[in-house]
Amino acid sequence: MSETCKVVVVGGGYAGAMAANRLTQRDDVAVTLVNPRPHFVERLRLHQLVGGSHKAVVDFQEILSPKVRLVVDTVERIDAAGRRVALKEGGALGYDYLIYAVGSGSADPSVPGAAEFSYPIASLEEAQLLRSAMDELPRAAAVVVVGGGPTGIEVASELAEQGRAVTMVCGGVLGPYLHPQGRRTVAKKLAALGVTVREGGDTRVTEVMSDAVRLAGGRELPSALTIWTTGFGVPKLAMESGLRTDALGRLLTDETLTSVDDDRILAAGDSAAPSGMPLRMSCQAAARVGAHAADTVLNRLAGARPGPLDVGFFGQCLSLGRRDGVFQFASKDDNAIRWHLRGSFAAKVKETTCQKSVEHMAQEGRKPGSMTWRRDDERQQRLRDASHAGKQAA
Ligand SMILES: Cc1cc2nc3c(=O)[nH]c(=O)nc-3n(C[C@H](O)[C@H](O)[C@H](O)COP(=O)(O)OP(=O)(O)OC[C@H]3O[C@@H](n4cnc5c(N)ncnc54)[C@H](O)[C@@H]3O)c2cc1C
């Protein structure tokens, strides 16, 4: 390796920006962050962008260490053997280590008509498009939100608070992550906002049309505008570069976040599948896993053994419009427990969470190595148990 170690971080989201900043602890590490936009996207706030209360972008200058070189471009291919990445605008970047942090986006909708007639909200550009469509839509027109997860709940609340006529079709249960008590609270709050919630298997959307959605039970619901929030997919870059991934396309790594194919490639955030047991796609995990990926590189450079992944969760924080919210507490291994916060206090907690997720990154840029997190020291035991159970079943 040359005297200066070149690290390329692909993707400047919560995981990539955090990893890039943390790597600046060593002066002999040259960090390049490749991201398609010149600004950081606060994906946590994309429903606010749709509702018009936030732009959901922050200038990278506010959060990146001046030691990080930002290249505004898209990586088109990873050449693992040549330790290079090819850029869309032409040219290539060489690396000694690469951190793969390309995040997630909308899942490819396989439902007929969904791609043509519905609006996803997983990326900045999608949310901007949806916002323009909302501006054109008459106030009383029927809006259908497909999907009962956190994104669906948040966008439905945001629009209902503005007096829109919103129906959520969950295709199953509302808020599958939530504890039944938390779910009851969310259902009550949605009802108070005027959102009609349709739950159950027969509410799965089987077709989207320009003015309606068809449900598995055969019913049609009028919809002047349909919003698609049925989960996230990930970019295919790792798969197309010949690296092993899980079925969704997340890069397969060991517990140090190192690719199972190449010890110079690591992964973090929504696009990582450590031991094939990925953490829930969330900003909550992404920033911490990004920090852990940086630590693995720094440990290797220091001749130390990198530690296994130990990131624990707090729960799920939902905004229900601008004045209300629910904070669902969870065990560190991410199972919802019976406690939750609600009301304006939970709304404030959510707002603070959004602000802190950016502030923590900026803090890491000013003081690399300062990020700490809730540890999940039982993950390794769970992995051993799962592997043991797998062997027994075989
Ligand atoms: C409306 C909404 C609300 C949400 N609310 C919450 C919440 O309250 N709490 C929570 O924990 N999570 C929330 N999430 C999920 C959270 O935003 C994601 O899990 C998180 O952004 C993942 O971080 P990441 O760094 O892995 O990826 P991302 O934030 O997606 O960043 C990945 C970056 O990589 C870039 N990229 C992709 N491909 C390439 C390439 N080939 N070359 C270069 N760059 C590339 C992308 O453009 C992007 O900038 C929400 C998501 C949405 C859409």
Side-chain angles (χ1 to χ4, degrees), residues 10-11 14-15 18-19 78 80 97-104 107 149 176-179 231-300 302-316 329-337 371-394:
V10 187
Y14 297 91
M18 177 59 79
I78 301 166
Y97 283 97
L98 178 135
I99 297 184
Y100 184 76
V102 295
S104 61
Y177 176 91
L178 300 168
H179 185 275
F232 297 150
V234 298
K236 301 281 177 264
L237 176 62
M239 205 184 263
E240 287 169 2
S241 298
L243 296 161
R244 264 181 291 172
T245 66
D246 69 359
L248 196 67
R250 291 174 281 217
L251 186 76
L252 272 179
T253 73
D254 64 14
E255 285 296 291
T256 70
L257 299 169
T258 306
S259 158
V260 292
D261 296 311
D262 188 313
D263 64 5
R264 296 306 182 100
I265 297 179
L266 295 94
D270 287 0
S271 53
S275 307
M277 201 167 95
L279 280 70
R280 171 164 54 94
M281 288 187 183
S282 59
C283 140
Q284 196 178 150
R288 290 148 182 97
V289 176
H292 193 100
D295 286 354
T296 293
V297 173
L298 294 170
N299 274 316
R300 293 234 169 88
R305 203 171 148 185
L309 190 61
D310 61 356
V311 170
F313 282 84
F314 290 100
Q316 191 174 69
F329 289 101
S331 56
K332 57 193 171 188
D333 64 341
D334 204 22
N335 286 301
I337 57 173
M371 172 81 175
T372 55
W373 55 85
R374 185 185 194 193
R375 308 270 167 184
D376 175 9
D377 36 23
E378 285 154 24
R379 176 176 162 90
Q380 301 311 311
Q381 187 56 47
R382 286 198 303 279
L383 274 171
R384 281 192 289 277
D385 291 347
S387 148
H388 183 68
K391 276 184 199 140
Q392 297 242 310

Would you check if the side chain of [X] reaches a backbone N or O of [Y] as a donor-acceptor pair within less than 3.5 Å?
{"X": "Gln284", "Y": "Gly315", "answer": "yes"}
{"X": "Asp254", "Y": "Leu257", "answer": "yes"}
{"X": "Ser259", "Y": "Asp261", "answer": "yes"}
{"X": "Ser271", "Y": "Val102", "answer": "yes"}
{"X": "Gln380", "Y": "Leu309", "answer": "yes"}

Side chains of [X] and [Y]: closer than 4.5 Å at any heavy-atom pair?
{"X": "Thr258", "Y": "Thr253", "result": "no"}
{"X": "Phe232", "Y": "Leu248", "result": "no"}
{"X": "His292", "Y": "Asp310", "result": "yes"}
{"X": "Arg288", "Y": "Leu279", "result": "no"}

Rounded distance (nearest 0.5 Å) linking atom [atom1] of [X] with atom [atom2] of [Y]:
{"X": "Ser241", "Y": "Tyr100", "atom1": "OG", "atom2": "OH", "result": "7.0 Å"}
{"X": "Arg379", "Y": "Arg384", "atom1": "CZ", "atom2": "CZ", "result": "12.0 Å"}
{"X": "Glu378", "Y": "Asp385", "atom1": "CD", "atom2": "CG", "result": "10.0 Å"}
{"X": "Leu251", "Y": "Asp246", "atom1": "CG", "atom2": "CG", "result": "9.0 Å"}
{"X": "Thr296", "Y": "Asp263", "atom1": "OG1", "atom2": "CG", "result": "12.0 Å"}
{"X": "Lys236", "Y": "Thr245", "atom1": "NZ", "atom2": "OG1", "result": "8.0 Å"}

Between [X] and [Y], what is the shortest heavy-atom contact and its length?
{"X": "Ala80", "Y": "Ile265", "value": "CB-CD1, 3.9 Å"}
{"X": "Pro278", "Y": "Ala272", "value": "CB-O, 3.7 Å"}
{"X": "Ile99", "Y": "Ala19", "value": "CD1-CB, 4.1 Å"}
{"X": "Ser282", "Y": "Asp270", "value": "N-OD1, 3.2 Å"}
{"X": "Met371", "Y": "Ala291", "value": "CG-CB, 4.2 Å"}
{"X": "Arg374", "Y": "Phe313", "value": "NH1-O, 2.6 Å"}

Does either side chain, that of Tyr177 or that of Asp334, offer a donor lying less than 3.5 Å from an acceptor on the other one?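 Short answer, yes.
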Quick one: do Arg382 and Asp376 make a salt bridge, cutoff under 4.0 Å? yes
